[in-house]
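First up is the structure itself, then whatever we jot down about it.
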Amino acid sequence: MAGTSVLQQTNFFSPPADPPQFSELNLRLKEQQCLSLLKRCKNLEDFKQAHAQIVKWGFFWNSFSASNLVAACALSDWGSLDYACSIFQQNHEPGTFEFNTMIRAHVKDMNFQDALVFYYEMLERGVEPDNFTYPALFKACAWLKAKEEGMQIHGHVFKFGFESDLYVQNSLINMYGKCGEIQHSWAVFEQMDEKSVASWSAIIAANASLGMWYECLMVFGNMSSEGCWRPEESTLVTLLSACTHLGALDLGKCTHGALLRNISELNVIVQTSLIDMYVKCGYLEKGLSLFKKMTKRNQMSYTVMISGLAMQGHGEEALRIYSMMLEEGLDPDDVVYVGVLSACSHAGLVDEGFNCFDRMKSEHGIEPTAHHYGCMVDLMGKAGMINEALEFINSMHIKPNDVVWRSLLSACRVHCNLEIGEIAAKHLFESNSQNPGDYVILSNMYARAEKWVEVAKIRTEMARKGFNQVPGFSLVEVRRRIHKFVSQDTSHPRCGSVYEMIHQMEWQLKFEGYSPDTSQVLLDVDEEEKRQRLKGHSQKLAIAFALIHTSKGTPIRIARNLRMCSDCHTYTKLISIIYEREITVRDRNQFHHFKNGTCSCRDYW
């Protein structure tokens with residue numbers, strides 16, 4: 001049993017041989033005094049004095065006093081779990097409350113395995129659990145990702161008749177979500193006769209834990225439509241994360257409003273989440289405004305702001321914020337430096353990037369990780385320094401991993417360097433890369449070089465390994481709803497009007513001198529087929545849909561899962577002139593702001 005101590009080797013807990021003689025009434029009063037003393041404890045020394053009094057008067061053998069002793073020592077912020085275990089083990093007949101207390105204490109202390117051990121001991125000793133036993137146990141299973149144990153304990157819930165208990169059901173939803181079994185979370189949720197706001201929060205969190213952001217918004221919409229639930233702070237923060245990942249700015253603004261209405265003062269974590277949402281939804285000005293208004297900033301606040309500026313291509317501003325962080329006396333960590341180096345990469349600040357990389361090691365004693373080396377390779381790759389990037393990799397102090405070689409491969413694709421691209425791909429394949437994108441990039445490079453035999457070999461190898469190419473899609477928010485388009489999409493309910501709009505757009509594009517860049521279609525087909533395929537790219541479909549369903553002058557915001565092709569980039573620049581729209585596209589980890597025929601990336605991406 002965990003938590004043994006020297007106390008077990010003494011007779012400290014033995015009943016006093018000759019306890020003072022008092023009337024029953026006086027003993028009850030003395031017991032109340034001891035328990036009152038116990039409640040006033042502020043530290044472990046105070047507790048030991050109260051403990052000594054309880055033992056002195058023989059109250060330890062009273063189950064009520066013993067229970068209070070264990071609970072105070074195990075669950076108080078000042079408590080000692082080892083000391084609590086020693087007290088517990090001297091109780092020869094612990095009951096449900098004592099076992100529940102020890103299970104909760106071990107979960108609170110992040111000793112999840114020991115929490116499960118106490119539960120098994122509880123069953124072995126014939127102590128029957130109650131509805132307060134299971135929420136802590138399911139929390140332990142969630143942290144351990146112990147799906148099998150969680151399902152066994154779920155069976156015990158039925159055995160002991162607690163399957164309809166609201167708190168048990170909510171903890172089950174959370175446990176199954178954390179263990180990746182979202183279908184079980186939904187099964188529990190849908191079978192609930194009565195739901196609380198915590199039930200809705202649990203199912204939203206379960207979807208969020210698996211990155212099912214669209215489903216989070218759908219569930220919240222259902223919760224809101226019932227009209228009787230006031231969302232918790234944690235739920236609203238989860239919604240902010242969903243809006244951040246989906247690029248849903250309008251919904252994010254609504255969530256911000258709900259936070260202001262429901263919470264009197266936003267803490268640093270919530271403020272940082274808001275900044276993250278605004279900058280990753282393309283509203284950099286609002287993110288910066290919130291950042292500047294913060295009365296207290298922490299390392300994470302600076303990290304989010306630096307990374308946000310990096311994504312927007314504002315490298316010099318990101319370095320200024322980094323300097324502000326140092327002036328404030330906050331030490332950067334390895335995550336901060338990933339943001340700083342990314343900022344230099346996106347903005348083409350090669351010299352500044354090398355200076356920061358050297359400073360990270362010499363001034364702050366941070367050893368570069370694969371992510372830092374990957375940023376440096378990306379920095380050189382975007383600047384066209386492919387040979388230098390390969391030399392840099394060969395001089396690394398650690399073994400290059402997939403992150404580093406993938407950065408080099410991506411740079412080779414942009415600059416059409418097939419020779420070094422093959423070297424990078426070879427290292428990725430030798431490391432048993434399970435990323436289909438690595439194969440797709442090399443295949444596309446062979447296709448651009450019209451090496452169709454090599455393309456066939458790569459595609460065959462992908463099929464042999466069971467890899468499927470991830471389809472490109474674009475998300476666009478219109479009237480607070482997220483609409484998803486995939487390339488060549490015909491499944492959307494409004495696809496007819498969308499393709500009609502595409503036809504109108506291309507007619508006007510001709511007058512701006514637009515000519516489709518068919519080199520972006522990496523298939524061995526004729527030119528007409530290539531033009532048709534370009535027309536159905538997901539970004540173009542999303543823009544057409546937004547033009548149809550938003551009023552003139554309304555900004556259009558799109559989030560993509562794959563890198564934008566150069567044809568879509570040119571196309572979107574011209575559309576911003578013709579329709580007088582600002583169009584923001586989040587291209588994975590970089591933003592493109594199109595306005596009046598130009599892009600914020602200055603064609604450097």
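Along the sequence shown, residues carry numbers from 1.
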### Query
After noting the C-alpha distance and the side-chain angles of K382 and V414, does the key distance pass the side-chain contact (heavy atoms from CB on, under 4.5 Å) rule?
CA-CA 8 Å; K382 283 181 177 174; V414 173; over 6 Å; no
Distance in Å, [X] [atom1] paired with [Y] [atom2], rounded so as to fall on 0.5 Å steps:
{"X": "I306", "Y": "L309", "atom1": "CD1", "atom2": "CG", "result": "8.0 Å"}
{"X": "L266", "Y": "M294", "atom1": "CG", "atom2": "CE", "result": "10.0 Å"}
{"X": "K280", "Y": "H245", "atom1": "NZ", "atom2": "NE2", "result": "6.5 Å"}
{"X": "S273", "Y": "Y278", "atom1": "OG", "atom2": "OH", "result": "12.5 Å"}
{"X": "K286", "Y": "H256", "atom1": "NZ", "atom2": "NE2", "result": "5.5 Å"}
{"X": "E388", "Y": "L379", "atom1": "CD", "atom2": "CG", "result": "11.5 Å"}

Is the ring centre of [X] less than 6.0 Å from the ring centre of [Y]?
{"X": "Y571", "Y": "H537", "value": "no"}
{"X": "Y337", "Y": "F357", "value": "no"}
{"X": "F591", "Y": "Y283", "value": "no"}

### Message
Using the rule given for side-chain contact (heavy atoms from CB on, under 4.5 Å), can you reason through I269 versus V237, listing the C-alpha separation, both sets of side-chain angles and the distance that settles it, and then say yes or no?
### Response
CA-CA 9 Å; I269 295 172; V237 172; 5.6 Å; no
### Exceeds 12 heavy-atom contacts within 6.0 angstrom, atom CD of E580
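Not buried by this count: 12 neighbours or fewer within 6.0 Å.
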#### Entry: Heavy-atom neighbours of M218 CE exceed 12 at 6.0 Å
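Atom CE in M218 is not packed in, count stays at 12 or less.
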### Task
Describe, in one word, how the ring planes of F594 and H569 are oriented to each other, choosing from parallel (under 30°), tilted (30 to 60°) and perpendicular (over 60°).
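Geometry flag for H569 against F594: perpendicular rings.
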Taking all heavy atoms of [X] and all of [Y], pick out the closest pair and write down the distance.
{"X": "R480", "Y": "C254", "answer": "CZ-SG, 3.4 Å"}
{"X": "L326", "Y": "P332", "answer": "CD2-CD, 3.6 Å"}
{"X": "S342", "Y": "C375", "answer": "OG-SG, 3.6 Å"}
{"X": "A546", "Y": "R581", "answer": "O-NH1, 4.4 Å"}
{"X": "G180", "Y": "L210", "answer": "CA-CD2, 3.6 Å"}
{"X": "L319", "Y": "C344", "answer": "CD2-SG, 4.1 Å"}

Looking at [X] and [Y], would you say the former's side chain and the latter's main chain have a donor-acceptor pair under 3.5 Å?
{"X": "H372", "Y": "T369", "value": "yes"}
{"X": "S289", "Y": "E285", "value": "no"}
{"X": "R531", "Y": "L534", "value": "no"}
{"X": "S576", "Y": "I583", "value": "no"}
{"X": "D276", "Y": "V304", "value": "no"}
{"X": "D378", "Y": "S407", "value": "no"}
{"X": "E477", "Y": "D250", "value": "yes"}

For a 4.5 angstrom cut-off between non-hydrogen side-chain atoms, does [X] reach [Y]?
{"X": "C243", "Y": "L217", "answer": "yes"}
{"X": "L249", "Y": "T584", "answer": "no"}
{"X": "L409", "Y": "M445", "answer": "yes"}
{"X": "Q271", "Y": "L290", "answer": "no"}
{"X": "H593", "Y": "Q312", "answer": "yes"}
{"X": "I575", "Y": "I543", "answer": "yes"}
{"X": "V455", "Y": "I458", "answer": "no"}

### Task
State which residues pass side-chain contact (heavy atoms from CB on, under 4.5 Å) with K139; sequence neighbours excluded, sorted by chain then number.
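Checked K139 against side-chain contact (heavy atoms from CB on, under 4.5 Å); matches are V107, W143.
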### Task
Report yes or no: is the cationic atom of K484 (NZ for Lys, CZ for Arg) closer than 6.0 Å to the six-membered ring centre of Y214, at no more than 45° off its axis?
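Here K484 fails the 6.0 Å and 45° test against Y214.
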### Query
Got a salt bridge between K540 and D567, using NZ or NE/NH1/NH2 to carboxylate O under 4.0 Å?
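Salt bridge between K540 and D567, a charged N being under 4.0 Å from a carboxylate O: yes.
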### Message
Go through it in stages, so that I can follow the logic: the residues are F354 and D351, the test is side-chain contact (heavy atoms from CB on, under 4.5 Å), and I'd like the CA-CA distance, side-chain angles, deciding distance and then a yes or no.
### Response
CA-CA 5 Å; F354 274 99; D351 292 339; 5.6 Å; no
#### Entry: Donor on one side chain, acceptor on other, Q508 and E506, under 3.5 Å
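E506 and Q508 do not have a side-chain donor-acceptor pair below 3.5 Å.
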### Message
Quiz question: by atom type and distance under 3.5 Å, do the side chains of K457 and Y446 form a donor-acceptor pair?
### Response
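No.
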### Message
The test is side-chain contact (heavy atoms from CB on, under 4.5 Å); show your working for V350 and M385 and say whether it passes.
### Response
CA-CA 10 Å; V350 177; M385 301 164 61; 4.1 Å; yes
